[in-house]
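All remarks here apply to the structure that follows.
Read the numbers this way: they start at 1 and go in the same order the structure lists the ligands and their atoms. Keep in mind that what you see is a predicted model, and the values were worked out from it rather than measured.
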Amino acid sequence: MPAALITGITGQDGGYLAERLLAEDYAVHGLVHDGDLGVPDLLRRCPSVVLHQGDLTHEASLAAVVSASAPDEVYNLAGISSVAFSWEQPVLTADVTALGAARLLEQVWQCQERTGRPVRFVQASSAEIFGDADVAPQDESTPVRPSSPYGASKAFAHQLVGVYRGRGLHAVSAILYNHESPRRPPTFVTRKITRAAARIARGLEHELVLGNLDARRDWGWAPDYVDAMVRAARHSEPADYVVATGEAHSVRDFVAAAFARAGVAEWGTRVRVDQALVRPSDAALQVGDATRARTRLGWKPTVDFDELVGRMVEADLQQVPAS
Ligand code: NAP
Ligand code: GDP
């Protein structure tokens, strides 16, 4: 039975990936850190995962989990995943997201050296490594020029993956564009919007306060992005892959689509912009060209923008049933 180790297993992508690999009869191991609130939900969905206590900031715990799980595939999904939070905690972000990837890569490399068994490593990288790029769409050759502590930390990890690939590890960097689902926390704009649209539709709230409405993002369906990471892990040649839909929409477009789907007319009267929520630096447009993933991996997104918004709004409406 093949074995996989997932860091960040209690996050949005970690849960979808665990479900996917268990369905393929993998032994699935996950790293969970102290006080991880997502554990009960994960165990309800995936009772057979094997959980190991540890933390990306503690190298010894990573050595122990890699050794105990003897993985064929390692997916590094853990990290400080919010750009906004990374401005509040830049040092913690670097420790977890940049140095954490270094600690894990080194442990995986040592495991491969010690046992002689090849291990495949996938890093969840991000469009934020390109910052406010001069070109659109971005692809694997776009210059790495991050503009946030999160982006800089992901850029370090991304480049270190290339270093370990050169050393002989089957190491992949999946340059993920924003991907969403009903499991996305409301700290991210899509879920904040769909949750508010549902609550306003039910009369539980009256106003939604947002930051930059003009930012344009390439939003996809999270399970599709997990599928891309699995395909990349299993391809014979390790490489970097942009994973994106190729279509950009503004935050304003997302609001309009979500409110329409929830049945709320005239969204403009319900939304207020607060400058305090506008970031010190925010890429105007992120849109990816996933040609390499399409041609080499046979990957393509299965859920378009309207369907994504619809699925998220419907899930939020179900959480606040009509009285
Ligand atoms: P997520 O829901 O925020 O999950 C992150 C996971 O990392 C959580 O399980 C979290 O646990 C864990 N974690 C945080 N600090 C840790 C530490 N010090 N040690 C061990 N685990 C730690 O993120 P996601 O949306 O699933 O995304 C998965 C990965 O893809 C992330 O690395 C993210 O940066 C990257 N990515 C995501 C997107 C996107 O649109 N979703 C786009 C580009 C890249 P706690 O919650 O308990 O802290
Ligand atoms: P990110 O791309 O990983 O930072 O994902 P987010 O969902 O947090 O942000 C996506 C875009 O929405 C960024 O351009 C934000 O500036 C913009 N945005 C506008 N208003 C808000 C808000 O109230 N919360 C968040 N999280 N983002 C917002």
Which ligand 1 atoms, with their elements, are less than 4.0 angstrom from a heavy-atom of [X]?
| X | value |
| --- | --- |
| Gly8 | 6 (C), 7 (O), 9 (O) |
| Lys154 | 31 (C), 32 (O), 33 (C), 34 (O), 35 (C) |
| Thr10 | 8 (C), 9 (O), 11 (O) |
| Ser81 | 1 (P), 3 (O), 23 (O), 33 (C), 34 (O) |

So, [X] versus [Y]: side-chain donor-acceptor pair below 3.5 Å or not?
| X | Y | result |
| --- | --- | --- |
| Thr57 | Asp95 | no |
| Gln12 | Glu180 | no |
| Ser250 | Asp214 | no |

Between ligand 2 and [X], is the shortest N or O to N or O distance under 3.5 Å?
| X | answer |
| --- | --- |
| Arg217 | yes |
| Arg184 | no |
| Leu213 | no |
| Gln286 | no |
| Lys192 | yes |

With rounding to the nearest 0.5 Å, note down the distance linking [atom1] in [X] to [atom2] in [Y].
| X | Y | atom1 | atom2 | answer |
| --- | --- | --- | --- | --- |
| Lys154 | Thr93 | NZ | OG1 | 10.5 Å |
| Arg165 | Ser173 | CZ | OG | 7.0 Å |
| Leu208 | Lys192 | CG | NZ | 6.5 Å |

[atom]: the protein heavy-atom neighbour that sits closest, reported with distance to 0.1 Å:
| atom | answer |
| --- | --- |
| atom 5 (C) of ligand 1 | Gly79 O, 3.8 Å |
| atom 9 (O) of ligand 2 | Arg279 NH2, 3.4 Å |
| atom 28 (C) of ligand 2 | Val189 CG2, 3.4 Å |
| atom 26 (N) of ligand 2 | Thr187 O, 2.9 Å |
| atom 3 (O) of ligand 2 | Val83 CG2, 3.8 Å |
| atom 19 (C) of ligand 2 | Asn212 O, 3.3 Å |

Would you call [X] a ligand 1 contact, heavy-atom distance under 4.0 Å?
| X | answer |
| --- | --- |
| Ser125 | yes |
| Phe188 | no |
| Arg184 | yes |

Check your understanding: If Ile, Leu, Val, Met, Phe, Trp and Tyr residues are connected whenever their side-chain heavy atoms lie under 4.5 Å apart, and connections chain through other members, are Val189 and Val83 in the same group?
Key ->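 No; Val83 is not reachable from Val189 via cluster members.
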
Review point. Can you hop from Ile80 to Leu176 via hydrophobic side chains spaced under 4.5 Å?
Key: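 No, Ile80 and Leu176 fall in different hydrophobic clusters.
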
Review point. Hey, is Asn178 touching ligand 2 through its side chain, its backbone, both or neither, going by heavy atoms under 4.0 Å?
Key: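 Side chain only.
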
So if I count the atoms of ligand 2 from 1 in the order they appear, which ones are less than 4.0 Å from some heavy atom of [X]?
| X | value |
| --- | --- |
| Gly211 | 19 (C), 20 (N), 21 (C), 23 (O) |
| Ala215 | 14 (O) |
| Val251 | 12 (O), 17 (C) |

Review point. Please walk me through it: do Trp221 and Phe305 pass ring pair (Phe, Tyr, Trp, His ring centres under 6.0 Å)?
Key: CA-CA 9 Å; Trp221 175 239; Phe305 178 75; over 10 Å; no

Exercise for review: Out of Leu31, Leu77, Leu56, Val32, indicate the one that has the non-hydrogen atom closest to atom 31 (C) of ligand 1.
Suggested key: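 Heavy atom nearest to atom 31 (C) of ligand 1 belongs to Leu77.
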
**Study point:** Nearest-option assignment for atom 16 (O) of ligand 2, heavy atoms, candidates Asp218, Leu285, Asp282
**Key:**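 It is Asp282 that holds the nearest heavy atom.
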
Practice item. Test the Arg184-Phe188 pair against the cation-pi criterion, namely NZ or CZ under 6.0 angstrom from the six-membered ring centroid and within 45° of the ring axis. Key: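 Yes, Arg184 and Phe188 form such a contact.
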
Practice item. Would you kindly check if the NZ (Lys) or CZ (Arg) of Arg270 is within the cone defined by 45 degrees around the ring axis of Phe259 and under 6.0 Å from the six-membered ring centre? Key: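 Here Arg270 fails the 6.0 Å and 45° test against Phe259.
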
**Study point:** CA sep, side-chain torsions, deciding dist, call: Arg202, Leu317, side chain to side chain contact (heavy atoms under 4.5 Å, CB included)
**Key:** CA-CA 8 Å; Arg202 300 285 197 237; Leu317 282 170; 3.8 Å; yes

Review point. Of the backbone atoms (N, CA, C, O) and the side-chain heavy atoms from C-beta on, which set of Leu176 has a member under 4.0 Å from an atom of ligand 1: side chain, backbone, both, or neither?
Key: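 The answer is both.
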
Review point. In terms of the angle between their ring planes, are Trp219 and Phe254 parallel, tilted or perpendicular, with boundaries placed at 30° and 60°?
Key: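 Rings of Trp219 and Phe254: perpendicular, as their planes differ by over 60°.
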
